[in-house]
Amino acid sequence: MASFEALMLLPGMAEIAERLERRVTLHKLWQAADREATLAAVAPNVRAVVSTWATARVDADLMRRLPKLEIVVGFGVGYDHIDAAWAGQHGVVVTHTPGVLDDDVADIAIALTLAATRRLPQAERHLREGRWPSGAFPLTASLHGRVMGIVGLGRIGKAIARRAEAFGLRIAYHGRHKQDGVAYPYYPTALALAEACDILMVAAPGGPQTRHLVDARVLAALGRDGVLVNIARGSLVDEAALIAALSDGVILAAGLDVYEREPSVPAELIALDNAVLLPHVGSATGHSRTAMANLVVDNLLSWVDGKGPLTPTPETPWRR
Ligand code: 8YV
């Protein structure tokens, strides 16, 4: 019987290729001397694409070149770099890795909230640069009495809310729909939520539908004591508007893990003293990344064994 052929676009965690190679023929596109020629040669027999990093898009152009494509297995809960809508319309299943990284991402969301509000990196620099003996670090804003407005109350949003409540924050949220059984106040727009909260936490999926959901108007509504935190996707925030809002004191501070053009971060943002910037590390723990890698492999092997995908995206045509 012919072996199941899969195309891997970029290297990922070592265990992904190691485990997959025991069961499928894996074409490692990044190793090809001539990417185009290799793609043309393997395309007729490829039945799966393994997507490890969002920097390699799995768009309609790529999928159209793979006539036997059945499934795209993605590493990450977000899959805005995979055209799942096109896949769904063309009978291709797309999987992602929900549920296994929520706690680590939520921890980083709270860490950024504290770091931006209490100016922790700046305070640490004050000590390291020997400025403490000449004067105490200036007083900062506080979480006391504040409201956190969460854009996108999914699994990760809810994990953030639970933690934030333990810090005494009140919670409100915005999403596509008001959720049954959720007692937090719901706001039908990001603008209304920003008006009602002090810390705006972005935890919704990326993609065209949420592009620049946080724009200059939303930032103005958040206000001069407001803090923006984004652990979701850079595309949700108008980065130029954010830089202007931070420079002009329209908002107090920002804590960011994600950017519009990763891994490139605008020099203007890096220069700002009221921005705390992390290099997309929300899920970057051994625990979460190993669980994500295993779920990528398990999704594909379950498919190869005829048992269907484990964690398909809502756009895919799979019916049990
Ligand atoms: C990963 C993420 O760093 O899960 C996600 O959506 O953004 C992160 O966990 C990323 O997916 C790796 O490409």
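All values reported here derive from a predicted model rather than from experimental measurement. Order of listing sets the numbers, starting from 1, for every ligand and every atom in it. Nothing fancy with the numbering, it's 1 onward along the sequence.
- The number of heavy-atom neighbours closer than 6.0 Å to CZ of Arg131, taken from other residues, nucleotides and ligands shown, is above 12.
- Here Asp305 pairs with Arg23 in a salt bridge; the nearest charged N to carboxylate O distance falls below 4.0 Å.
- Not a single N or O atom of Met292, backbone or side chain, sits closer than 3.5 Å to an N or O atom of ligand 1.
- The ligand atoms of ligand 1 that sit less than 4.0 angstrom from a heavy atom of Ser283 are 1 (C), 3 (O), 8 (C), 9 (O).
- Look at Ala54 and you'll find a heavy atom under 4.0 Å from some atom of ligand 1.
- Less than 4.0 angstrom separates some heavy atom of Leu101 from each of these atoms of ligand 1: 4 (O), 9 (O).
- For the pair His81 and ligand 1, no heavy-atom separation below 4.0 Å is found.
- Near Gly76, the atoms of ligand 1 lying under 4.0 angstrom from a non-hydrogen atom of the residue are 4 (O), 5 (C), 11 (O).
- No heavy atom of His96 sits closer than 4.0 Å to any atom of ligand 1.
- A salt bridge does not link Asp298 to Lys307: none of the charged side-chain nitrogens sits closer than 4.0 Å to a carboxylate oxygen.
- Between Tyr173 and Tyr186, the distance from one ring center to the other falls under 6.0 angstrom.
- Closest to atom 2 (C) of ligand 1 among all protein heavy atoms lies His280 NE2, 3.6 Å.
- The side-chain hydrogen bond (donor to acceptor under 3.5 Å, both in side chains) with Tyr184 is formed by just one residue from the set Gln179, Lys178, Glu165; it is Glu165.
- Under the 6.0 Å cut-off for aromatic ring centres, Phe137 and Trp132 do not qualify, their centroids lying 6.0 Å or more apart.
- Defined by atom type and a distance below 3.5 Å, a donor-acceptor pair is present between the side-chain atoms of Tyr79 and Glu315.
- In the vicinity of Arg289, heavy-atom distances shorter than 4.0 Å reach the ligand 1 atoms 1 (C), 3 (O).
- Put simply, part of Thr52 is less than 4.0 Å from ligand 1, judged by heavy atoms.
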Just distance, no hydrogens or angles: give the donor-acceptor pairs under 3.5 Å from side chains in residues 265-284, sequence neighbours left out.
unit_1, atom_1, unit_2, atom_2, d
Asp273, OD2, Arg119, NH1, 3.2
Asp273, OD2, Arg119, NH2, 2.6
Asn274, ND2, Leu246, O, 3.0
Asn274, ND2, Leu252, O, 3.2
His280, ND1, Glu262, OE1, 2.7
His280, ND1, Glu262, OE2, 3.4
Ser283, OG, Arg289, NE, 2.9
Ser283, OG, Arg289, NH2, 3.2

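- Counting only heavy atoms of the protein, atom 4 (O) of ligand 1 lies nearest to Val77 N, 2.8 Å.
- For ligand 1, the atoms closer than 4.0 angstrom to any heavy atom of Trp53 are 12 (C), 13 (O).
- With respect to the salt-bridge test (charged N to carboxylate O, under 4.0 angstrom), the residues Arg57 and Asp83 do not qualify.
- Inclusion of Gly78 in the set of residues having an N or O under 3.5 Å from an N or O of ligand 1 is warranted.
- Residue Arg233 has at least one heavy-atom neighbour below 4.0 Å for each of these atoms of ligand 1: 2 (C), 5 (C), 6 (O), 7 (O).
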